[in-house]
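Okay, so here's the structure we're looking at.
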Amino acid sequence: MTVQYLLNRVPVPHGGPPIELDIDWACGAKTVKAIEDFQARWFAFKDGRVDPQGKTMGALLAYDPAPHQPLPPPGGTDIKNAGHAPSGIGG
């Protein structure tokens with residue numbers, strides 16, 4: 001969920017997904033592809049992984065519009081447009 005949220009905040013020219021990801025807690029093929037595309041834009045690797053203290057997460061956090069603010073609970077609020085970032089590392 002965290003990774004999907006942050007990827008959706010990355011502009012397409014900076015390696016963000018051309019079609020916004022569903023924030024659904026599932027790291028499916030679309031999410032992995034978006035991670036790889038982001039990594040290909042910024043790094044010399046694209047392994048589709050986002051480790052909590054790794055380079056990819058560090059780069060994604062630069063796009064966080066509201067650092068240290070928790071996401072609303074799933075199902076309650078439209079988290080794609082909430083303007084709040086996750087408080088913890090996950091997703």
Side-chain angles (χ1 to χ4, degrees):
M1 188 171 124
T2 301
V3 171
Q4 291 166 331
Y5 172 85
L6 291 171
L7 283 165
N8 283 341
R9 298 298 163 271
V10 178
V12 174
H14 294 201
I19 298 173
E20 191 168 90
L21 298 170
D22 289 333
I23 299 177
D24 61 6
W25 298 74
C27 190
K30 291 179 185 177
T31 300
V32 172
K33 170 99 169 76
I35 293 166
E36 291 174 343
D37 290 348
F38 179 79
Q39 289 172 327
R41 168 67 173 82
W42 292 104
F43 308 112
F45 65 88
K46 58 177 193 171
D47 61 8
R49 291 178 48 111
V50 180
D51 296 314
Q53 303 301 320
K55 289 182 178 183
T56 302
M57 180 57 80
L60 285 171
L61 287 171
Y63 293 95
D64 187 346
H68 310 295
Q69 298 297 312
L71 284 172
T77 304
D78 181 2
I79 59 179
K80 289 187 267 186
N81 298 311
H84 296 287
S87 61
I89 303 301

Exercise. How far apart are the C-alpha atoms of Leu6 and Val10, what are their side-chain angles, what is the distance that settles it, and do they pass the side chain to side chain contact (heavy atoms under 4.5 Å, CB included) test?
Worked result: CA-CA 7 Å; Leu6 291 171; Val10 178; 5.8 Å; no
Problem set entry | With sequence neighbours excluded, residues passing side-chain contact (heavy atoms from CB on, under 4.5 Å) with Val12 | none
Problem set entry | By salt bridge (Lys or Arg N to Asp or Glu O under 4.0 Å) - contacts of Arg49 (at least two apart) |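 Checked Arg49 against salt bridge (Lys or Arg N to Asp or Glu O under 4.0 Å); matches are Asp51.
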Exercise. Residues in salt bridge (Lys or Arg N to Asp or Glu O under 4.0 Å) with Lys33, at least two apart?
Worked result: Asp37
Separation of [Y] [atom2] from [X] [atom1] (nearest 0.5 Å):
X: Glu20; Y: Leu7; atom1: CD; atom2: CG; result: 10.5 Å
X: Tyr5; Y: Asp64; atom1: OH; atom2: CG; result: 5.5 Å
X: Ile23; Y: Thr31; atom1: CD1; atom2: OG1; result: 9.5 Å

Could you go through residues 55-63 and list every donor-acceptor pair under 3.5 Å that involves a side-chain atom there, pairing it with any protein atom two or more places apart or in another chain?
unit_1	atom_1	unit_2	atom_2	d
Thr56	OG1	Gln39	NE2	2.9
Tyr63	OH	His14	ND1	2.9

Exercise. Do Val32 and Phe38 share a hydrophobic cluster, counting only Ile, Leu, Val, Met, Phe, Trp and Tyr and linking them when any side-chain heavy atoms are less than 4.5 Å apart?
Worked result: no
Problem set entry | Shortest non-hydrogen contact between Ala40 and Lys46, atoms and distance | CB-CD, 4.0 Å
Exercise. Do the non-hydrogen side-chain atoms of Val3 and Cys27 ever get within less than 4.5 Å of each other?
Worked result: no
For this session: May I ask you to decide if Gly16's main-chain N or O and Arg9's side chain share a donor-acceptor pair within less than 3.5 Å?
Result: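 No, because the side chain of Arg9 does not come within donor-acceptor range (under 3.5 Å) of the backbone of Gly16.
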Exercise. Can a donor-acceptor pair be found between the side chains of Asp22 and Gln4 at a distance below 3.5 Å?
Worked result: no
